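Structure record follows, encoded as structure tokens.
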Amino acid sequence: MGARGPAQGCARAPLLPSPPMAATTIPPLSRRRALLGLAALAAPSCRRGTSPPAPEEAAPSAWKDLRFEPASEGEGPQRALLLAPEAAPAPPLLVALHGRGEAVRGLEVGARGWRDDYGLDAALRRLRSPPLTTDDLGQMVTPERLAQLNASLKEHPYRGLCIATPFTPDLRDRSVEGAAGFGRFLVERLLPRARAEGGCQAAREATGIDGVSLGGRLALLVGLSFPDVFGAVGALQPAVRAGEAEMFSALARRAMERRAVALRLVSSEADPFLPAIQALSDRLRQDGVTHTLLVVPGPHDYAWNRGPGGVEMVLWHERIQRGLPPP
């Protein structure tokens with residue numbers, strides 16, 4: 001396993017300097033409660049071995065379990081789930097990557113991350129039955145953004161996507177080259193099988209990739225490395241560092257020189273990666289790379305994934321990949 005710092009996809013709360021103590025005596029029980037409170041504030045937002053909240057409802061059987069044996073020596077097995085909407089002929093295809101919290105828990109947990117840990121089924125049900133409410137986004141939405149989402153759904157009802165959710169590895173090498181092997185698996189093995197078994201479209205304009213945290217980082221690395229394959233590339237709270245802005249921008253520039261890619265970054269007000277994501281957006285703008293940056297309320301945790309994360313990801317890709325204006 002590789003190094004497990006914040007840039008690998010699971011943000012740790014920053015350690016703040018302790019304020020000066022007042023000249024008073026704290027009773028033992030109060031002191032213990034205070035220390036526990038400080039420890040909770042400084043704890044990681046998603047930890048190895050920490051279980052996410054249980055999904056509210058059982059996942060439907062519509063998800064297919066895709067297993068992949070190693071294709072060559074040195075490769076390991078892979079796993080993915082695939083959801084294809086029954087009523088939508090030849091829908092677009094989205095590859096959705098999970099975060100580090102699932103990566104360290106193995107193939108099966110990772111492949112099921114968006115379905116079981118992030119509650120994606122609930123988000124899809126609500127997109128099919130608008131209007132959305134603040135509860136559907138975990139109370140992490142502004143009135144203006146909620147109105148934009150509902151206006152888009154009213155004008156163009158949600159028609160569905162094929163969604164493939166592969167296991168997302170926590171790679172030791174965090175560079176473009178380090179992500180190349182995973183990118184080849186997605187392009188050469190996952191996409192053809194998803195299209196064959198889900199009846200998904202094969203056009204690049206109808207193929208997108210996105211992910212959260214660690215998955216958002218890999219979505220940028222892979223999606224921008226294969227602009228002939230992915231027409232839409234998104235990243236939710238991507239685990240990037242400000243010092244990597246030049247590297248990601250150069251990758252995006254090379255991609256755009258080959259084919260135009262719809263590119264979006266999403267973060268939240270309490271996301272510890274927000275300053276780095278803003279730095280990346282600034283560098284993309286400076287280098288003339290067309291993209292959008294959306295910052296919404298919320299922290300970097302499972303509740304956000306189950307609220308704004310899933311809704312924003314799915315709706316943006318469904319709009320972009322069908323040639324519709326995004327909200």
Side-chain angles (χ1 to χ4, degrees), residues 6-7 9-14 45-46 94 96-100 114 118 120 123 127 132-153 208-221 223-224 232-246 248-249 252 261-320 325-327:
C10 199
R12 293 182 181 274
S45 60
C46 50
L94 168 64
L97 307 179
H98 59 75
R100 181 175 173 272
W114 273 101
Y118 306 167
L120 188 59
L127 287 171
L132 301 173
T133 69
T134 56
D135 287 341
D136 296 323
L137 289 98
Q139 304 292 326
M140 289 174 276
V141 64
T142 64
E144 294 78 14
R145 185 58 183 165
L146 184 62
Q148 291 171 346
L149 296 172
N150 280 323
S152 178
L153 289 168
I209 188 170
D210 212 313
V212 63
S213 196
L214 167 68
R217 178 189 182 88
L218 278 173
L220 292 174
L221 291 174
L224 295 173
V233 177
L236 305 170
Q237 300 180 328
V240 299
R241 294 190 178 105
E244 297 174 317
E246 182 178 358
F248 277 104
S249 184
V261 176
L263 176 61
R264 185 175 79 153
L265 306 173
V266 180
S267 186
S268 61
E269 294 167 352
D271 178 13
F273 293 109
L274 175 58
I277 294 166
Q278 290 174 321
L280 172 55
S281 178
D282 290 343
R283 182 56 189 253
L284 290 169
R285 190 177 305 108
Q286 175 185 330
D287 292 345
V289 177
T290 301
H291 72 290
T292 58
L293 170 63
L294 175 67
V295 179
V296 301
H300 187 108
D301 64 10
Y302 284 100
W304 191 88
N305 298 346
R306 295 167 64 88
V311 169
E312 288 284 358
M313 177 183 72
V314 170
L315 188 58
W316 184 78
H317 280 275
E318 199 259 356
R319 309 281 100 156
I320 290 292

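Heavy-atom basis, side chains included; hydrogens, waters and symmetry copies ignored. Remember, it's a predicted structure, so these values are computed and weren't measured experimentally. Throughout, numbering of the chain's residues begins at 1 and tracks the sequence.
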Measuring from [X]:[atom1] to [Y]:[atom2], what's the distance to the nearest 0.5 Å?
| X | Y | atom1 | atom2 | result |
| --- | --- | --- | --- | --- |
| Arg285 | Asp287 | CZ | CG | 11.0 Å |
| Phe273 | Leu236 | CZ | CG | 13.0 Å |
| Trp114 | His98 | CH2 | NE2 | 11.0 Å |
| Leu127 | Glu318 | CG | CD | 8.5 Å |
| Gln237 | Ile277 | CD | CD1 | 7.0 Å |
| Leu94 | Ile209 | CG | CD1 | 8.5 Å |

Is the backbone of [Y] close enough, under 3.5 Å, to the side chain of [X] for a donor and an acceptor to pair up by distance?
| X | Y | answer |
| --- | --- | --- |
| Asp136 | Thr133 | yes |
| Arg145 | Pro327 | yes |
| Asp210 | Ala235 | yes |
| Asp301 | Trp304 | yes |
| Arg217 | Ala239 | yes |

Decide yes or no on side chain to side chain contact (heavy atoms under 4.5 Å, CB included) for Leu220 and Leu280, but give the supporting numbers first.
CA-CA 12 Å; Leu220 292 174; Leu280 172 55; 4.3 Å; yes
Is any side-chain heavy atom of [Y] closer than 4.5 Å to one of [X]?
| X | Y | answer |
| --- | --- | --- |
| Leu132 | Leu137 | yes |
| Pro299 | Asp271 | no |
| Thr134 | Leu146 | yes |
| Thr142 | Val296 | no |
| Glu312 | Leu294 | yes |
| Thr290 | Val261 | no |
| Leu221 | Phe248 | yes |
| Val141 | Pro308 | no |

Side-chain donor-acceptor pair under 3.5 Å between Asp282 and Gln278, yes or no?
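No, Gln278 and Asp282 have no side-chain donor paired with an acceptor closer than 3.5 Å.
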Between His300 and Ser268, a side-chain donor and acceptor under 3.5 Å
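Looking only at side-chain atoms, Ser268 and His300 do not form any donor-acceptor pair under 3.5 Å.
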Got more than 12 heavy atoms from elsewhere within 6.0 Å of CD, Glu246?
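Counting other residues, nucleotides and ligands, CD of Glu246 stays at 12 neighbours or fewer.
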Nearest non-hydrogen partners of [X] and [Y], listed with the distance:
| X | Y | value |
| --- | --- | --- |
| Ser281 | His291 | OG-NE2, 2.8 Å |
| Trp316 | Ala262 | CH2-O, 3.6 Å |
| Ala219 | Gly211 | CB-N, 4.0 Å |
| Val289 | Ala252 | CG1-CB, 3.9 Å |

Would you call Arg283-Glu244 a salt bridge at under 4.0 Å N-O?
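So Arg283 does not pair with Glu244 through a salt bridge.
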